[in-house]
Amino acid sequence: MKYNFNDIEKKWQDYWAKNETFKASNNSDKPKYYVLDMFPYPSGAGLHVGHPLGYIASDIYARYKRHKGFNVLHPQGYDSFGLPAEQYAIQTGQHPAVTTEANITTYRRQLDQIGFSFDWSREVRTSNPEYYKWTQWIFIQLFESWYNYDSNKAEHIDSLIKMFEAEGNANVNAACDDDINPFTAEEWNAFSETDKQDILLKYRLTYLAETEVNWCPALGTVLANDEIVNGVSERGGHPVIRKKMTQWSMRISAYAERLLQGLDTIDWTDALKDIQKNWIGKSVGASVTFNVKDYDATIEVFTTRPDTIFGVSFMTLAPEHELVSQITTSEQKAEVKAYIEATAKRSERDRMADVKTISGVFTGAYAEHPFTKEPIPIWIGDYVLASYGTGAVMAVPCGDQRDYDFAKHFNIPIPNIFEGVDISEEAFASKDNVKIANSDFLDGMNYKKATKRAIFELEKIGQGEGKTNYRLRDAVFSRQRYWGEPFPVYYKDGMPQMIDEKHLPLTLPEVEKYLPTEEGEPPLGRADVWAWDTNTNTVCHSELVSESKGIYPLELNTMPGWAGSSWYFFRYMEEQAKRDEAFATEDALKYWENVDLYIGGSEHATGHLLYSRFWVKFLHDRGFVGVDEPFKKLINQGMILGTSAFVYRRITYLHINYKGLERWIPIRHFPIFESYSNGISIDKSFKNIDAENKFLDWLKFELPPLHHLKLKQLFGDDLIVDELNSLSNNEILEFLKGKIEFQHVKYHADVTFVNASDELDIEAFKNWRTEFKDADFITKEDGTFKVNREVEKMSKSKYNVVNPDDIVADYGADSLRLYEMFLGPLEQYKPWNTAGITGVHGFLKKLWKLYNDDNGSKVTDAEPTKDNLKTLHKTIKKVEEDIENFSFNTSVSTFMIAVNELTAQKCTSKEILELLLVLVSPYAPHIAEELWEQLGHNESISTAPFPEFEEKHLVESSKNYPISFNGKMRFTLELPLDMSMDEIEKTVLANEKTQEQLQGRTPKKVIVVPGKIVNIVG
RNA sequence: GCUGAAGUGGUGGAAUUGGUAGACACGUUGGACUUAAAAUCCAAUGGCCAUUAUGGCCGUGCGGGUUCAAGUCCCGCCUUCAGUACCA
């Protein structure tokens, strides 16, 4: 019997689907285990071989856990709202829902043929109204909440209102906007309803505020900080500018500390935790208030070094700081104004690219040092960011390199407040091993002590206090797009109102075009039916809007991509039948808790992975979920890179020396490609007689018609053209010879044209592009043409994309699964090379042959031999360890070794071969099922218990000791393991090979490590 | 600049707490089978030297160190990748 993988794989995929083999139950005696892949966006391009890497890893783990007796939840679904579908809609007019549906169909087909053990009965799609109903519901809960720093959690807004009614806002310790005025209970109770709502909005966890946002004109929407990479949009690479807009924001900053602390409770890589830590950016220090001299104002600054307060020699404000215009003296006004205008013009990108240039202007005003009362000049400079801290710094040039550079540049004094430190060249920024000097009461103290004392003294005079600052900003939540969740919000008197949750979902309206309106409103502004009738609680025609009739305009923005993905892992917990009741029922949430293993890319570190944690903490605070963190263990799979193929095209240059001007002119003629093996150099011009002759041959053929025209073009009007006219073709050739040089330009060739030995299928390449149709190829001597290989990101434009469909068709899903794992460690970036797949494919054939020969099954009831058992148990041990450590690449090698050994042992024992199948099954489930069935089982292998490792089969009586001399292994010696150290030493020394090595020397020392090694020194 | 990860044959990569470096594959070379090809099987394959077998020397980015013994630990560099971008 042959290993007919295509039939086998189809058979078992159908079987699993029909029998709902992988359907998880919310009631089980088994312990639960939840394995999840990061939410895929169903793009139009479909999958390439890099995409399933993480899915294969998580699938292996999920299948392993089933063998280990767990009730496994392993779902899949689609993050189906998003920009690409909308961009496509704008271009083609097709409704995003239609293209999204088509893309999902492709995705599903591709996923199915790889044999994943997903429970598809729990599929979710963020763009389904039954799903986004609950996204809208969560939004409402956020709106109805505020963050109480005293209880350190989110509470219902009613508790805040009660406090306002009873005692005003003086004692409220809340996460809120900066611009809140104090009010008493009496004042609160006297406020109008609109005023009250206006104030509450400043406390809500999602709030409407005019914020400076990242506006991307090309995409027509705002972007979050994590959606911008290097100053351009992550999707499409379009420029981004700063713009003030009224937007919904999420008060994630309230959770900064808990998001930071929570990292200690979860099993993520340090790399990922560090990224989040940096993004949250906690710094501990003090806020210090400086009085402005001769002006009734104060400047508050944040500093991490209050211990250096006596080193302040100037202050710098951000150009945007509100005080700047007020305190600038009349003499400095013109200069300051010019500077502010100049910095405002500079784009964010310019400012980022140019960190070196020092610029700033003196305002003419002075602040007063809180202790010495000395005047401190106040400058403005664009190295101070308006958006961080208070937008102002106390500059301590001796302790901060930026302040130092600024001071040097503008000749501001640099007082030294460090004992015995030289600051003539650069600032001393370290906190360690230094004592403070010239600082009054701080003299002689170290960083820690001085910091404490400085804060104490500042508090005493009421000009400062200890403070912690976070870099994490509130997240903008509005997008000016069509294809996203509509906000369940309408506007009454300009104030946002939530639609009652019982009327959800508020579904997306139809629009005739997916572009912003002429007035610049988001696409929803085009919807005819987009107003809220509070009488009927339904959507009605936009023209009917009338405050007096209770019909109000609806919100025109939609939610960002991360809305739906911030809670989807809870939705999977709930079975389809009960999804109407809640986002997930209490029972389901209680049973599944949170994700035990989450696998996905690290590119979501500061987006999805942070926002999800935020929402989960919020839902936890409000009692909607029991857990505080969504993902207990997280693994970032690395990327699979493409192995691009390059062909080298020879470009011919003619050397022209005209009136002393030397020039090389490229000649366009039919393409000539040269095999990489011929020693290609791109940078250097070089001569090659063969190619030169080829060119001259061509020229000879082309010369008569070209003769005058071409050469005239090449050599210019006044140059030797007249002479040329009188020359014969041969004379011209002679003239051109020696004036020709070549360079190579590399072109991507589609990797499908290249075989395992890097040889190009020339015919296929010629037919690929019309311009290469008549191309000439300078091959190797044996007639083959080699390409050069380089590793790059897998992408369409590089022609190195490998489609899993092709791999599955040629080698089968099991081969694909094994090979993706075999490539290397899961977390690592590694290149794909299709040629290597024959290795794992060959292994599967060998595995098949262990069970079958031409006459069918060869498995017998034979007693296993000692060697059989040893091989099996060695494999059990290693594979189990590997899976637990997510070291899937090494277990594939282990399988290969096991099959090689069992084949050599001619093992036919059912007892051995049956257990081997269970080991292999998580990795190559189709072949495992088929062989399992052949062995007489009529139930799926998927829940067969994982074999128990038994140490006794690995116990050896002797060991092949490496005998080394001065640490270098020279030979090995078989010795019994129960031999004593003394005896080992004696036996080894007595050995003739030892004596040969020693050549008469007496060893100084003999190290014997029983069971490991013998080392002879001397 | 700062933070983190990583540098091992022609290639992907193995190597438990320091204990036989290069497992397992790909590729390459030679051979078997075949009319031929594919498939399959066998052998060799880190570099250099030697060859009559046994062999010898060098080798895990570079330079030091600790140790009987270092890919692994310590110190100092270099390179690559990722994150971040004047964060006070």
Side-chain angles (χ1 to χ4, degrees), chain A residues 229-231 269-279 281-283 285 301-305 308 316 351-358 381-385 387-396 399-403 405-406 469-472 602-603 605-606 636 638-639 643 756-758 789 791 819 822-825 827-840 842-843 845-846 849 878 881 885 887 889-897 900 960-972 993 996 1003-1009 1011-1018:
Chain A
V229 178
N230 295 330
T269 60
D270 287 340
L272 193 58
K273 286 185 184 180
D274 282 339
I275 292 174
Q276 289 210 345
K277 273 182 202 161
N278 292 339
W279 192 262
K282 180 180 183 176
S283 29
V301 301
F302 173 74
T303 175
T304 54
R305 296 294 300 275
T308 62
T316 317
R351 270 171 86 159
M352 265 171 56
D354 171 29
V355 193
K356 293 268 147 52
T357 313
I358 297 163
D382 69 357
Y383 80 99
V384 175
L385 304 176
S387 59
Y388 183 75
T390 59
V393 300
M394 58 174 229
V396 183
D400 181 286
Q401 195 57 43
R402 291 176 318 250
D403 296 344
D405 294 341
F406 195 87
N469 234 339
Y470 300 91
R471 204 186 72 121
L472 183 68
S602 57
E603 67 271 21
T606 52
N636 288 128
M639 202 184 285
T643 316
S757 307
D758 295 342
R789 293 286 202 172
V791 172
Y819 189 52
F822 187 67
L823 280 177
E827 299 91 333
Q828 209 163 292
Y829 278 58
K830 54 218 170 245
W832 176 272
N833 183 4
T834 303
I837 201 169
T838 52
V840 292
F843 156 74
K845 285 193 204 164
K846 274 191 226 169
K849 280 198 207 153
K878 177 79 174 127
E881 280 170 6
N885 294 321
S887 172
N889 55 322
T890 47
S891 30
V892 179
S893 320
T894 305
F895 291 137
M896 291 176 172
I897 294 166
N900 288 346
N960 198 20
Y961 277 91
I963 313 297
S964 45
F965 293 80
N966 297 319
K968 283 185 178 153
M969 206 281 286
R970 288 298 175 226
F971 60 91
T972 58
K993 281 187 187 163
E996 204 177 294
K1004 287 197 196 107
K1005 211 174 178 185
V1006 179
I1007 313 272
V1008 177
V1009 185
K1012 284 257 157 96
I1013 199 168
V1014 177
N1015 190 16
I1016 297 163
V1017 188

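In what follows, chains are A, B, ... by sequence order, proteins preceding strands, each numbered from 1. The structure presented is a predicted model; accordingly, all values stated were derived computationally and were not measured.
For B/C86 and B/U67, the C1' atoms lie 47 Å apart once the distance is rounded to whole Å. Comparing B/A32 with B/A37, their C1' atoms sit 16 Å apart, to the nearest whole Å. For the C1' atoms, the distance from B/C74 to B/U84 is 30 Å, rounded to whole Å. For the C1' atoms, the distance linking B/C2 with B/G9 amounts to 36 Å, nearest Å. With C1' as the reference atom, B/G56 and B/G7 are 30 Å apart, rounded to whole Å. A gap of 12 Å separates the P atoms of B/U11 and B/G47, to the nearest Å. Here, B/U20 and B/U60 have their P atoms 16 Å apart, quoted to the whole Å. Nucleotides B/G27 and B/A15 are separated by 23 Å at their C1' atoms, to the nearest Å.
When the side-chain nitrogen and oxygen atoms of A/N960 are compared with OP1 and OP2 of B/U20, none of them lie within a distance under 4.0 Å. Distances shown here put a side-chain N or O of A/S283 below 4.0 Å from the OP1 or OP2 atom of B/A88.
No option in A/F822, A/F895, A/Y819 other than A/F895 meets the side chain to side chain contact (heavy atoms under 4.5 Å, CB included) test with A/F843.
Applying the side chain to side chain contact (heavy atoms under 4.5 Å, CB included) criterion to A/I963, with sequence neighbours excluded, gives A/Y961, A/F965, A/F971, A/L973, A/V988, A/V1014, A/I1016. Every residue two or more places apart in sequence or in another chain was checked for a side-chain hydrogen bond (donor to acceptor under 3.5 Å, both in side chains) with A/D274, and none qualifies.
Summarising the geometry, the separation between CG on A/L385 and P on B/U84 is reported as 16 Å, rounded to the nearest angstrom. A/M969 places its CE atom 4 Å from the C1' atom of B/U20, with the value rounded to the nearest Å. Taking atom OH of A/Y388 as the reference point, atom P of B/A85 lies 13 Å away to the nearest angstrom. Atom C1' of nucleotide B/C86 and atom CZ of A/R471 are separated by 12 Å, given to the nearest angstrom. One interatomic measurement links the two molecules: CH2 of A/W279 to C1' of B/U84, which rounds to 8 Å at whole-angstrom precision. Rounding to whole angstrom units, CD of residue A/Q276 and P of B/U84 are separated by 12 Å. Put simply, CD on A/E881 is 16 Å from P on B/A14, counting in whole angstrom units. Here the C1' atom of nucleotide B/A88 and the CG atom of A/D405 are 14 Å apart, to the nearest Å.
Taking the side chain as every heavy atom from C-beta outward, A/N278 and A/R471 never approach each other to under 4.5 Å.
Separating the OG1 atom in A/T390 from the CG atom in A/L385 is a distance of 11.5 Å, to the nearest 0.5 Å. Taken to the nearest 0.5 Å, the NZ atom of A/K282 stands 13.0 Å off from the CG atom of A/L472.
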Please tabulate, one pair per line, each protein N/O and nucleotide N/O from nucleotides 24-34 of chain B that are separated by under 3.5 Å, including the distance.
{"unit_1": "B/A25", "atom_1": "OP1", "unit_2": "A/N900", "atom_2": "ND2", "d": "2.9"}
{"unit_1": "B/U28", "atom_1": "OP1", "unit_2": "A/S757", "atom_2": "OG", "d": "2.4"}

Where do N or O atoms of nucleotides 1-10 of chain B meet protein N or O atoms at under 3.5 Å, pair by pair?
none

Practice prompt. For each nucleotide in nucleotides 55-74 of chain B, reading 5' to 3', give B when a protein heavy atom comes within less than 4.0 Å of its base, S when such contact involves only the sugar-phosphate, and - otherwise.
Written response: -SSS---------BS-----
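Judged by distance alone with a 3.5 Å cut-off, a donor-acceptor contact links the side chain of A/K1012 to the base of B/U17.
Residues A/M394 and A/V301 approach most closely at N-CG1, 3.8 Å, considering heavy atoms. Of all non-hydrogen atoms in A/T838 and A/A835, the two that sit nearest each other are OG1-O, 3.2 Å. Here the closest heavy-atom approach between residue A/V1017 and residue A/N966 is recorded as CA-OD1, 3.5 Å. Here the shortest heavy-atom pairing between A/P831 and A/L823 reads O-CD2, 3.8 Å. Here the shortest heavy-atom pairing between A/L272 and A/A605 reads CD1-CB, 3.3 Å. Nearest approach of A/S283 to A/Y388, heavy atoms of both residues: OG-OH, 2.9 Å.
Under the 3.5 Å distance criterion, the side-chain polar atoms of A/K846 are left unmatched by any main-chain donor or acceptor of A/N900. Put simply, the side chain of A/T643 gets close to the backbone of A/W832: a donor and an acceptor are under 3.5 Å apart. With hydrogens and angles ignored, the 3.5 Å screen pairs no side-chain donor or acceptor of A/N833 with any backbone N or O of A/G836. Between the side chain of A/N885 and the backbone N or O of A/E881 there is at least one donor-acceptor pair closer than 3.5 Å.
Counting any heavy atom pair closer than 4.0 Å across all strands shown, A/N469 reaches no nucleic acid atom. Residue contacts for A/Y829: at a heavy-atom cut-off of 4.0 Å it reaches the sugar-phosphate backbone alone, with no base atom in range. Note on A/K845: only backbone sugar-phosphate atoms sit closer than 4.0 angstrom, heavy atoms only; bases stay farther off.
Taking every side-chain heavy atom of A/P962 into account, B/U20 is the closest of B/A14, B/U20, B/C86.
Base orientation for B/G18: anti, the chi torsion being more than 90° from 0.
Between A/G824 and A/D403, the residue anchored nearer the 5' end of RNA chain B, judged by the nucleotide with its closest heavy atom, is A/G824.
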Item to complete: Map every base of RNA chain B to its dot-bracket character, where paired means a Watson-Crick or G-U wobble contact with both distances under 3.5 Å and | marks a partner outside the strand.
Response: (((((((..(((......[....)))((((((.......))))))((((.....))))..(((((..]....))))))))))))....
